[in-house]
Amino acid sequence: MSQPGIAPELSNAIVGTLWLMQVDAFRQQEEEGMLSNKYDAMLNDHRPFLADLIANGETLIWAAKKSGMVSPPLKFTIEDLEATLNSLHATFRAEHGPKNSQKTNELIAQLFDGQKP
């Protein structure tokens, strides 16, 4: 995440701070959508924003591992960035990944209801 005239380690910390702020804002929008029962209507916009956050996080972590990162004022580490990125990947899989077929859902429901398939 090279910025002219700024040491890469400092640039990575700055970009990391901004990225974490973007993730926080994204998560707040998700929460607001759920609380207002508008989450399903948001899903078409949710996917590209989430994919963009994931791509930026991947690039940031790659740069931080390659060039290092100074300890930012918020005291987060590369491992914290990786954990945040992993949570975004999990959200993507859960919301936009493959879904079970109707038959699979019925079998799962039967198992939880104690019925034999």
Side-chain angles (χ1 to χ4, degrees):
M1 312 241 57
S2 177
Q3 301 293 324
I6 300 176
E9 302 89 351
L10 178 57
S11 176
N12 290 334
I14 293 167
V15 171
T17 300
L18 295 174
W19 181 73
L20 287 171
M21 291 171 63
Q22 290 174 326
V23 171
D24 186 53
F26 178 78
R27 293 298 194 195
Q28 286 179 14
Q29 285 184 326
E30 283 181 318
E31 186 176 334
E32 289 170 13
M34 286 183 231
L35 292 173
S36 65
N37 292 323
K38 296 179 181 177
Y39 186 75
D40 288 340
M42 295 171 38
L43 284 179
N44 285 339
D45 294 332
H46 185 265
R47 183 184 180 112
F49 287 117
L50 180 56
D52 190 50
L53 283 172
I54 290 170
N56 291 338
E58 293 284 0
T59 302
L60 168 62
I61 292 167
W62 170 82
K65 285 182 174 180
K66 180 179 176 194
S67 302
M69 182 176 74
V70 299
S71 181
L74 298 177
K75 304 291 185 209
F76 61 84
T77 64
I78 293 172
E79 291 78 19
D80 295 325
L81 297 174
E82 289 175 317
T84 302
L85 179 62
N86 287 337
S87 77
L88 294 173
H89 278 292
T91 298
F92 192 92
R93 283 189 302 276
E95 295 299 329
H96 306 290
K99 306 293 185 224
N100 291 337
S101 69
Q102 181 63 33
K103 179 69 174 165
T104 301
N105 287 338
E106 290 170 5
L107 290 171
I108 292 170
Q110 289 174 1
L111 288 172
F112 283 110
D113 291 338
Q115 302 172 6
K116 292 187 179 184

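The figures that follow rest on heavy atoms only: side chains count, while hydrogens, waters and symmetry mates do not.
Under the rule for a salt bridge (Lys or Arg N to Asp or Glu O under 4.0 Å), Glu58 has no partner lying at least two apart in sequence or in another chain. Residues that satisfy the side-chain contact (heavy atoms from CB on, under 4.5 Å) test with Leu43, not counting sequence neighbours, are Tyr39, Asp40, His46, Glu95, His96. With sequence neighbours excluded, no residue satisfies side chain to side chain donor-acceptor pair (under 3.5 Å) with Glu32. Among residues two or more places apart in sequence or in another chain, the side-chain contact (heavy atoms from CB on, under 4.5 Å) test is passed with Thr77 by Glu79, Asp80. Shown here are the side-chain contact (heavy atoms from CB on, under 4.5 Å) partners of Asp45, two or more places apart in sequence or in another chain: Phe49. Every side-chain contact (heavy atoms from CB on, under 4.5 Å) that Gln22 has, sequence neighbours left out, goes to Trp19, Leu53.
Considering all non-hydrogen atoms of both residues, Ala51 and Phe92 come closest at CB-CE1, 4.4 Å. Heavy atoms only, all atoms of each residue included: Leu60 and Gly16 are closest at CD2-CA, 3.5 Å.
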Might you work through the side-chain contact (heavy atoms from CB on, under 4.5 Å) test for Gln28 and Glu31, ending with a clear yes or no?
-> CA-CA 5 Å; Gln28 286 179 14; Glu31 186 176 334; 5.6 Å; no

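Residues Thr91 and Leu50 have side chains in contact (heavy-atom distance under 4.5 Å, counting atoms from C-beta outward). Leu81 has its side chain within reach of Leu20: a pair of non-hydrogen atoms, C-beta onward, lies under 4.5 Å apart.
Formation of a donor-acceptor pair under 3.5 Å by the Asn12 side chain with backbone atoms of Pro8 is found in this model.
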